Amino acid sequence: KAGVTQTPRYLIKTRGQQVTLSCSPISGHRSVSWYQQTPGQGLQFLFEYFSETQRNKGNFPGRFSGRQFSNSRSEMNVSTLELGDSALYLCASSLDLRVLDQPQHFGDGTRLSIL
Amino acid sequence: GQSLEQPSEVTAVEGAIVQINCTYQTSGFYGLSWYQQHDGGAPTFLSYNGLDGLEETGRFSSFLSRSDSYGYLLLQELQMKDSASYFCAPGGDDKIIFGKGTRLHILP
């Protein structure tokens with residue numbers, strides 16, 4: 001069974017641009033969560049999607065948005081990029097919501113660098 | 001509010017036992033997970049505690065005390081490959097909270 005696939009693996013952008021990251025969950029998984037990881041802040045929750053609906057959102061500005069498609073694939077968009085958005089963006093999928101004993105499976109992430 | 005505390009770094013010797021503590025505060029708490037992340041890798045699930053007590057999975061054990069909002073991960077017979085970051089992740093209010101994790105250094 002294929003794991004969580006994130007594309008692209010690496011991305012370089014400049015301030016003010018926008019970026020779209022993609023995540024394909026494990027087949028059969030309906031919940032997709034996005035996280036931002038930086039050395040200073042650790043792993044921070046961005047949002048979670050289930051059945052094409054955003055179910056939860058972390059404390060990030062509105063420049064960060066996402067969506068989920070009917071096949072559970074998800075995209076994350078960041079507009080008006082800032083230097084502080086440089087981070088590893090991780091996507092995780094799980095079978096369902098609120099089922100901690102069913103682990104989240106993480107992708108390898110997209111490394112975003114803002115120049 | 002929400003809070004999560006675990007040590008930033010822990011050092012132990014190969015073959016020894018190490019315990020990584022985690023205290024948390026989150027509304028709607030329903031369970032505590034642990035994840036491992038090697039440098040350059042993705043976090044991987046280690047264990048889950050939904051009830052008080054100890055859960056054992058091979059060399060790793062995890063403990064939860066709901067009344068104390070406290071848990072720990074116990075790693076036995078440490079191996080060099082256990083050098084990684086470890087995240088406790090309490091689940092509450094329909095989301096899972098991670099933090100900065102604990103960096104575990106293993107000395108030969």
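Letters go in sequence order (proteins before strands), and every chain restarts at 1. Owing to the predicted nature of the structure, the values given are computational and were not obtained by experimental measurement.
- Chain B forms the most heavy-atom pairs under 4.5 Å with one residue out of A/G40, A/P39, A/G109, A/S33, and that residue is A/G40.
- When the shell of 6.0 Å around CG of A/N71 is examined, it contains more than 12 heavy atoms from other residues, nucleotides or ligands.
- Atom CZ of A/R15 sits in a sparse spot, with 12 or fewer heavy atoms from other residues, nucleotides or ligands closer than 6.0 Å.
- Heavy-atom proximity under 4.5 angstrom to chain A picks out B/G99, B/K100 from residues 99-108 of chain B.
- B/I20 and B/L32 fall within a single hydrophobic cluster, where Ile, Leu, Val, Met, Phe, Trp and Tyr side chains are chained together by heavy-atom contacts under 4.5 Å.
- For CD of A/Q17, the number of neighbouring non-hydrogen atoms (other residues, nucleotides, ligands) closer than 6.0 Å is greater than 12.
- For the options A/R111, A/H105, A/Q37, heavy-atom pairs under 4.5 Å to chain B are most numerous at A/Q37.
- The environment of A/E52 atom CD is dense: over 12 non-hydrogen atoms of other residues, nucleotides or ligands sit within 6.0 angstrom.
- B/Y70 and B/L64 are members of different hydrophobic clusters when ILVMFWY side chains are connected at heavy-atom separations under 4.5 Å.
- Listed here is the closest heavy atom pair of A/L43 and B/F87: CB-CE2, 4.2 Å.
- Atoms OG and CZ, on A/S94 and B/F45 in that order, are 11.0 Å from each other to the nearest 0.5 Å.
- One hydrophobic cluster, built from ILVMFWY side chains closer than 4.5 Å, cannot hold both B/L54 and B/L75; they sit in different ones.
- Comparing B/G50, B/A42, B/S85 by how many heavy-atom pairs each has under 4.5 Å with chain A, the most go to B/A42.
- When atom types are taken as modelled, the side chain of B/Y35 and the backbone of A/Q104 share a donor-acceptor pair closer than 3.5 angstrom.
- Apart from A/F47 itself, the hydrophobic cluster it occupies contains A/L11, A/V19, A/L21, A/V32, A/W34, A/L46, A/Y49, A/F60, A/F64, A/M76, A/V78, A/L81, A/L83, A/Y89, A/L112, A/I114, where clustering links Ile, Leu, Val, Met, Phe, Trp and Tyr at side-chain heavy-atom distances under 4.5 Å.
- Linking ILVMFWY side-chain heavy atoms closer than 4.5 Å, directly or via other members, places B/V10 and B/Y24 in a single hydrophobic cluster.
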